[in-house]
Amino acid sequence: MSEVVFDRNAIDATNVVDYIADVFARRGAESYLGEDVTMAQHMLQAAQAAERSQASADLIVAALLHDIGHYSNEIPDSALMQGTNNYHEEAGANFLAEFFPLSVTEPIRHHVAAKRYLCATDPDYFSRLSEASVYTLKVQGGPMNADEIAAFEKLPYLDSCIQMRIWDDEGKDPDRPHPDFSHYRELVQNLVQR
Ligand SMILES: [Fe+2]
(Lines give C-alpha, C1' and ligand atoms only; values in the text may rest on other atoms or scores of the structure.)
Protein backbone atom coordinates (compact mmCIF):
# COMPACT_ATOMS: atom_id res chain seq x y z
CA MET A 1 0.00 0.00 0.00
CA SER A 2 1.20 3.47 -0.81
CA GLU A 3 2.61 5.52 2.05
CA VAL A 4 2.10 8.75 0.13
CA VAL A 5 -0.53 11.10 1.53
CA PHE A 6 -2.29 12.79 -1.36
CA ASP A 7 -3.80 16.23 -1.37
CA ARG A 8 -7.05 15.60 -3.23
CA ASN A 9 -6.94 19.12 -4.65
CA ALA A 10 -3.47 18.57 -6.11
CA ILE A 11 -4.14 15.58 -8.34
CA ASP A 12 -2.67 15.86 -11.84
CA ALA A 13 -2.02 13.62 -14.82
CA THR A 14 1.26 12.41 -13.33
CA ASN A 15 -0.24 11.10 -10.10
CA VAL A 16 -3.91 10.41 -10.81
CA VAL A 17 -3.42 6.66 -11.25
CA ASP A 18 -1.43 6.46 -8.00
CA TYR A 19 -4.24 8.38 -6.38
CA ILE A 20 -6.95 6.06 -7.70
CA ALA A 21 -4.92 3.01 -6.59
CA ASP A 22 -4.59 4.60 -3.17
CA VAL A 23 -8.34 5.20 -2.93
CA PHE A 24 -9.00 1.53 -3.79
CA ALA A 25 -6.46 0.47 -1.14
CA ARG A 26 -7.67 2.78 1.64
CA ARG A 27 -11.40 2.81 0.95
CA GLY A 28 -12.05 -0.40 -0.98
CA ALA A 29 -13.19 -2.44 2.00
CA GLU A 30 -16.10 -0.14 2.72
CA SER A 31 -19.57 -1.55 2.22
CA TYR A 32 -21.42 -1.03 -1.00
CA LEU A 33 -24.94 0.30 -0.42
CA GLY A 34 -26.61 -2.65 1.18
CA GLU A 35 -25.06 -5.26 -1.13
CA ASP A 36 -23.04 -8.28 0.04
CA VAL A 37 -19.87 -7.02 -1.65
CA THR A 38 -17.45 -4.25 -0.73
CA MET A 39 -16.97 -1.18 -2.90
CA ALA A 40 -13.71 -2.58 -4.29
CA GLN A 41 -15.25 -6.00 -5.00
CA HIS A 42 -18.12 -4.30 -6.77
CA MET A 43 -16.01 -2.12 -9.05
CA LEU A 44 -13.43 -4.84 -9.71
CA GLN A 45 -16.18 -7.34 -10.57
CA ALA A 46 -17.82 -4.80 -12.90
CA ALA A 47 -14.45 -4.40 -14.65
CA GLN A 48 -14.08 -8.19 -14.76
CA ALA A 49 -17.52 -8.49 -16.38
CA ALA A 50 -16.47 -5.92 -19.01
CA GLU A 51 -13.22 -7.76 -19.61
CA ARG A 52 -15.05 -11.09 -20.00
CA SER A 53 -17.25 -9.40 -22.61
CA GLN A 54 -14.07 -8.49 -24.48
CA ALA A 55 -14.94 -4.83 -24.09
CA SER A 56 -12.58 -2.10 -25.22
CA ALA A 57 -10.05 -0.69 -22.75
CA ASP A 58 -12.03 2.51 -22.19
CA LEU A 59 -15.14 0.56 -21.18
CA ILE A 60 -13.21 -1.77 -18.87
CA VAL A 61 -11.77 1.33 -17.18
CA ALA A 62 -15.22 2.95 -17.04
CA ALA A 63 -16.58 -0.14 -15.29
CA LEU A 64 -13.62 -0.19 -12.91
CA LEU A 65 -14.06 3.44 -11.88
CA HIS A 66 -17.82 3.91 -12.27
CA ASP A 67 -18.61 4.31 -8.57
CA ILE A 68 -15.56 6.29 -7.52
CA GLY A 69 -17.92 9.22 -6.97
CA HIS A 70 -19.26 7.47 -3.88
CA TYR A 71 -16.02 8.56 -2.22
CA SER A 72 -17.07 12.17 -2.55
CA ASN A 73 -14.61 13.23 0.14
CA GLU A 74 -11.80 11.94 -2.11
CA ILE A 75 -12.87 14.07 -5.05
CA PRO A 76 -11.47 17.58 -5.58
CA ASP A 77 -13.83 20.37 -4.59
CA SER A 78 -13.59 21.76 -8.13
CA ALA A 79 -15.26 18.60 -9.51
CA LEU A 80 -17.89 18.53 -6.81
CA MET A 81 -18.80 22.14 -7.47
CA GLN A 82 -19.70 21.46 -11.11
CA GLY A 83 -23.39 20.96 -11.59
CA THR A 84 -25.34 18.51 -9.51
CA ASN A 85 -22.69 17.88 -6.94
CA ASN A 86 -24.57 15.48 -4.70
CA TYR A 87 -24.89 12.77 -7.32
CA HIS A 88 -22.15 10.16 -7.26
CA GLU A 89 -22.23 9.55 -11.01
CA GLU A 90 -21.74 13.26 -11.76
CA ALA A 91 -19.10 13.72 -9.08
CA GLY A 92 -17.10 10.73 -10.34
CA ALA A 93 -17.39 11.70 -14.01
CA ASN A 94 -16.45 15.34 -13.30
CA PHE A 95 -13.36 14.28 -11.39
CA LEU A 96 -12.25 11.81 -14.06
CA ALA A 97 -13.07 14.13 -17.00
CA GLU A 98 -9.92 16.12 -16.37
CA PHE A 99 -7.79 13.04 -17.10
CA PHE A 100 -9.79 10.54 -19.18
CA PRO A 101 -11.64 10.65 -22.52
CA LEU A 102 -15.39 10.97 -22.84
CA SER A 103 -15.56 7.29 -23.79
CA VAL A 104 -14.62 6.58 -20.15
CA THR A 105 -16.48 9.38 -18.38
CA GLU A 106 -19.81 9.45 -20.22
CA PRO A 107 -20.83 5.85 -19.40
CA ILE A 108 -19.95 6.68 -15.77
CA ARG A 109 -21.94 9.93 -15.85
CA HIS A 110 -25.03 8.15 -17.12
CA HIS A 111 -24.91 4.80 -15.33
CA VAL A 112 -27.72 5.71 -12.95
CA ALA A 113 -29.81 7.14 -15.79
CA ALA A 114 -29.17 3.89 -17.69
CA LYS A 115 -30.78 1.96 -14.85
CA ARG A 116 -33.83 4.24 -14.98
CA TYR A 117 -33.88 3.82 -18.77
CA LEU A 118 -33.64 0.03 -18.69
CA CYS A 119 -36.36 -0.19 -16.03
CA ALA A 120 -38.66 1.72 -18.36
CA THR A 121 -37.81 -0.10 -21.58
CA ASP A 122 -36.79 -3.67 -20.71
CA PRO A 123 -39.47 -5.67 -18.88
CA ASP A 124 -36.95 -8.30 -17.73
CA TYR A 125 -34.42 -5.82 -16.43
CA PHE A 126 -36.32 -4.70 -13.34
CA SER A 127 -36.84 -8.29 -12.21
CA ARG A 128 -33.05 -8.82 -12.24
CA LEU A 129 -32.22 -5.84 -10.01
CA SER A 130 -30.89 -6.45 -6.51
CA GLU A 131 -33.01 -5.44 -3.54
CA ALA A 132 -30.71 -2.48 -2.76
CA SER A 133 -30.85 -1.36 -6.38
CA VAL A 134 -34.66 -1.43 -6.38
CA TYR A 135 -34.56 0.78 -3.30
CA THR A 136 -32.12 3.29 -4.81
CA LEU A 137 -34.16 3.37 -8.03
CA LYS A 138 -36.94 5.11 -6.10
CA VAL A 139 -34.51 7.66 -4.67
CA GLN A 140 -33.02 8.21 -8.13
CA GLY A 141 -36.36 9.10 -9.71
CA GLY A 142 -37.85 5.73 -10.69
CA PRO A 143 -38.19 4.46 -14.29
CA MET A 144 -37.83 7.15 -16.98
CA ASN A 145 -40.87 8.74 -18.56
CA ALA A 146 -41.29 9.06 -22.34
CA ASP A 147 -39.54 12.44 -22.57
CA GLU A 148 -36.60 11.21 -20.51
CA ILE A 149 -36.33 8.08 -22.67
CA ALA A 150 -36.27 10.17 -25.85
CA ALA A 151 -33.55 12.43 -24.44
CA PHE A 152 -31.49 9.49 -23.17
CA GLU A 153 -31.59 7.79 -26.57
CA LYS A 154 -29.85 10.83 -28.08
CA LEU A 155 -26.73 10.38 -25.93
CA PRO A 156 -23.59 9.95 -28.04
CA TYR A 157 -22.39 7.04 -25.90
CA LEU A 158 -25.81 5.39 -25.55
CA ASP A 159 -24.74 1.80 -26.17
CA SER A 160 -21.76 2.15 -23.84
CA CYS A 161 -23.97 3.64 -21.12
CA ILE A 162 -26.39 0.72 -21.31
CA GLN A 163 -23.62 -1.87 -21.41
CA MET A 164 -21.87 -0.20 -18.49
CA ARG A 165 -25.06 -0.55 -16.45
CA ILE A 166 -25.30 -4.28 -17.12
CA TRP A 167 -21.72 -4.81 -15.92
CA ASP A 168 -22.53 -2.68 -12.88
CA ASP A 169 -25.36 -5.07 -12.01
CA GLU A 170 -23.05 -8.05 -12.52
CA GLY A 171 -20.61 -6.77 -9.89
CA LYS A 172 -22.49 -7.90 -6.80
CA ASP A 173 -21.46 -11.52 -6.19
CA PRO A 174 -19.72 -12.02 -2.83
CA ASP A 175 -18.39 -15.43 -3.90
CA ARG A 176 -16.86 -14.58 -7.26
CA PRO A 177 -13.06 -14.22 -7.30
CA HIS A 178 -11.78 -11.28 -9.33
CA PRO A 179 -8.48 -9.62 -10.22
CA ASP A 180 -7.23 -6.80 -8.02
CA PHE A 181 -6.56 -3.21 -9.04
CA SER A 182 -3.01 -3.94 -10.20
CA HIS A 183 -4.43 -6.13 -12.99
CA TYR A 184 -6.07 -3.05 -14.51
CA ARG A 185 -3.48 -0.45 -13.61
CA GLU A 186 -1.74 -0.33 -16.99
CA LEU A 187 -5.08 -0.06 -18.83
CA VAL A 188 -5.99 2.90 -16.63
CA GLN A 189 -2.59 4.54 -17.08
CA ASN A 190 -2.69 4.18 -20.87
CA LEU A 191 -5.93 6.17 -21.02
CA VAL A 192 -4.70 9.17 -19.02
CA GLN A 193 -4.58 12.24 -21.23
CA ARG A 194 -1.69 14.57 -20.59
FE1 LIG B 1 -22.10 0.41 -9.30
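Note that this is a predicted model, so its numbers are computed, not measured. Each ligand, and each atom within it, is numbered from 1 in the order the structure gives. All residue numbers in this chain count up from 1 along the given sequence.
- Among residues two or more places apart in sequence or in another chain, the salt bridge (Lys or Arg N to Asp or Glu O under 4.0 Å) test is passed with Glu153 by none.
- Taking the six-membered ring for Trp and thresholds of 30 and 60 degrees, His88 and His70 have nearly parallel ring planes, at less than 30 degrees apart.
- Every pair passing ring pair (Phe, Tyr, Trp, His ring centres under 6.0 Å) that includes a residue from residues 160-185 is listed here, sequence neighbours excluded: Phe24-Phe181.
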Evaluate side-chain hydrogen bond (donor to acceptor under 3.5 Å, both in side chains) for Arg176 paired with Gln48, printing each intermediate quantity in order.
-> CA-CA 10 Å; Arg176 193 171 94 221; Gln48 179 188 45; 2.8 Å; yes
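- Counting only protein atoms, the N, O or S atoms lying less than 2.8 Å from the Fe ion (ligand 1) are His42 NE2, His66 NE2, Asp67 OD2, Asp168 OD1, ordered by chain and residue number.
- Distance CG/Asn73 to OH/Tyr71: 10.0 Å, rounded to 0.5 Å.
- Among pairs with a residue in residues 133-142, those fulfilling side-chain hydrogen bond (donor to acceptor under 3.5 Å, both in side chains) read Lys115-Ser133, Lys115-Thr136, Lys115-Gln140, at least two apart in sequence or across chains.
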